[in-house]
Amino acid sequence: MFLTNLTTHNRISTLLHAVSSCRSLWHCQAIHAIVIKSRFINDGFIGDRLVSLYSNLGSSDYAHKLFDEIPEKDLVSWNSFISGFSKRGILDFCLDAFGRMRNMADLKPNEVTLISVVSACTVDGALYEGRCIHGFGVKMGFMGEVKVVNALINMYGKLGMLDAAYVLFNGMRTRSLVSWNSILAVHAQHGASNEVMGLFISMRRVGVKPDQATMVALLQGCTELGIAKQARVVHACIFKCGFEGDMLVWTSLMSLYAKSGELNAAEIVFGELKDPDAVAWTSIVASYAMHGCGSEAIMLFEDMIDSGNRPDHVTLTHLLNACSHGGLVSEGRKYFEDMSRVYGVHPRIDHYSCMVDLLGRAGLMEDAIRLIRSMPMEPNAGVWGALLGACRIHNNVELGKEAAENLFMLNSSDHRNYIMLSNIYSASGQWKDASKIRSLMKGRHLVGNPGYSLIEHGNRVYQFTVGDQSHPDSDKIYAKLEEIVKKIDEAGLARQTEFILHDVAEEIKLDMINKHSEKLALAFGLLVTTTSMPITIIKNLRICGDCHSVMKVVSLIEKRIIIVRDSKRFHHFANGICSCKDYW
DNA sequence: CTAGGGTTAG
């Protein structure tokens, strides 16, 4: 055994090291047994480490039991206990222990305790608890501690209270690099790209040197926009700051290029990684999946396996997604079966969603519903949503109704489900049912996010909303749009007005659909670019069905390449066809 | 000298 012939001090530090290196519950228990045999079980250091390890590994029973067995619990014992639950995101246990600690006469929580408890409040719906802890921190005089404020910035930011986070950040007398990174990260995570850029510039101005986390936040801040030019600017910035080849930063950059429509650039960035890790491989598989290149994604996945990297549940999700977007049914089925047997990844609910999507899109409704019934867990909104989407494509009213009813039960506030069901009814001519669903939606006061489309030109990004007239050259844009519509009518394309929900006359519907944001962006793109340039449009919602067919026709009659990123994936239009093969 | 704490990728 490795513990013989060592001095007492060395044995304790060896044990501490062994305890720290545990990666599984089984491993932890084995080391625990050695600790018991080694008569050091009462050593406070080792006990604390075991406690935090057990709670870190999610075994709260062991953690509680062991914690109770520690004879003299000091501040560090309590902090280890609490931090373990904090890292696992188990808020209840954290607050419980914090409460018990506050009731102790001879022990007071310190700033370390507070940081752990604040971090635990970053889970959804814990704003009230977070505010209480914040108040406690103020009372205890911890607000001068940079790390406490950083944790609070992160907490408010993660819970969507960007203003509160900014007020705290702004009020800091001294800010560490982590303070800057935290405020950047929470803005980036909420798509506040302008703020991210502004903060980054201020940070440089006061002479703070960015690190890996800064660059990642900067890159993340650009994804919402998805503008290739901005990706290139940040890429240059990464070079200047000396982060080229950094795995974390480069994976993030690769993903940004892919999301900005530049699959080639993503491929190049990936190629520059000497020894890509599992996350980098997953990212490139996801990139191809996003662009609808199913077989390429599969090939890359096989390369990943050959390189000795192990896929995890995220990799498999993207792989199944790739099969689904590419309509590769048999491949998807094979990988779904292989995932636990060959790769040791047990299917989670997201994998079931992917499979329902895959089968449903392919029109294999029986198989999709059979899979749902056989799931070992309760189907969630993702699963029913996938089925509903498939019913929309294949006009399956019966199943669509069932899927929608389940969705309404799970989450009645997502207006997209109502629209989808209403569209299914309209498509099969059941107008009364369709309008019933619409009034149900209206009655519940459900409105969606307003749709918008972005397009880059010169050094600017232009934004269009439905019927937008804010552009200075609005007249020209609408004239171009009219010209396109005329050509399309001449080409004999049947327009799809059922995507308009309002109860209005057909010609008004057509007028409304003609002013969709993606069509305005398209008209603008045709106006300002030359024929050799692809037109790239970023849409915040899913592309509308009519716009999708119009893009196809325009790509043919105007001989243009049009690339649209919607909220789910990319569509590459050329010669009258879309890369999604109308599978979307 | 030594335990516990804040930001970061797919």
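Chain identifiers are assigned alphabetically (A, B, ...) following the order of the sequence lines, protein sequences preceding nucleic acid strands; residue numbering begins at 1 within each chain.
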Closest to side chain of [X], choosing from [options]:
X	options	answer
A/Ile115	B/dG4, B/dG6, B/dT8	B/dG6
A/Ala185	B/dG4, B/dT8, B/dG10	B/dT8
A/Asp312	B/dG10, B/dA9, B/dG4	B/dG10
A/Glu145	B/dG4, B/dA9, B/dG5	B/dG5
A/Asn154	B/dG6, B/dA9, B/dG5	B/dG6
A/Lys158	B/dT8, B/dG5, B/dA9	B/dT8
A/Gln212	B/dA9, B/dT8, B/dG5	B/dT8
A/Lys259	B/dG10, B/dG4, B/dT7	B/dG10
A/Ser176	B/dA9, B/dG6, B/dG4	B/dG6
A/Ser182	B/dA9, B/dT7, B/dG4	B/dT7

Mind checking if [X] touches a base, just sugar-phosphate, or nothing, with heavy atoms under 4.0 Å?
X	answer
A/Asp211	nothing
A/Ser119	sugar-phosphate
A/Glu111	base
A/Ser287	nothing
A/Val148	nothing
A/Leu177	nothing

Taking only N and O in the side chain of [X], is any of them less than 4.0 Å away from OP1 or OP2 of [N]?
X	N	result
A/Gln189	B/dT7	no
A/Ser83	B/dG5	yes
A/Gln220	B/dA9	yes
A/Lys87	B/dG5	yes

Roughly how many Å is it from [atom1] in [X] to [atom2] in [N], rounded to a whole number?
X	N	atom1	atom2	result
A/Arg348	B/dG10	CZ	C1'	14 Å
A/Phe98	B/dG5	CZ	C1'	14 Å
A/Met172	B/dT7	CE	C1'	12 Å
A/Ile82	B/dG6	CD1	P	13 Å
A/His134	B/dG6	NE2	P	18 Å
A/Phe85	B/dG4	CZ	P	16 Å
A/Tyr257	B/dA9	OH	P	20 Å
A/Met304	B/dG10	CE	P	15 Å

Under 6.0 Å between ring centres: does that hold for [X] and [Y]?
X	Y	result
A/Tyr156	A/Tyr166	no
A/Tyr288	A/His318	no
A/Phe336	A/Tyr352	yes
A/Trp78	A/Phe98	no

Give me the residues of residues 227-250 of chain A where at least one heavy atom lies under 4.0 Å from an atom of DNA chain B, by number, or none.
A/Met247, A/Leu248
A/Asn150 vs A/Ser182, side-chain hydrogen bond (donor to acceptor under 3.5 Å, both in side chains): CA-CA, chis, key distance, verdict:
CA-CA 7 Å; A/Asn150 291 347; A/Ser182 303; 5.1 Å; no
Do A/Arg310's NZ or CZ and the ring of A/Tyr343 fall within the cation-pi criteria of under 6.0 Å and 45°?
no
Could you tell me whether the side chain of A/Thr317 has a donor or acceptor atom within less than 3.5 Å of a complementary atom in the base of B/dG10?
no
Confirm from the modelled atom types if A/Thr282 and B/dG10 form a donor-acceptor pair under 3.5 Å, side chain to base only.
yes
Given side chains that start at C-beta, do those of A/Ile183 and A/His187 come closer than 4.5 Å, heavy atoms only?
yes
Can you give me the closest heavy-atom contact between A/Ile82 and A/Cys94, atom names plus distance?
O-SG, 3.5 Å
Looking at A/Lys539 and A/Asp566, is any side-chain nitrogen of the basic one under 4.0 Å from a carboxylate oxygen of the acidic one?
no
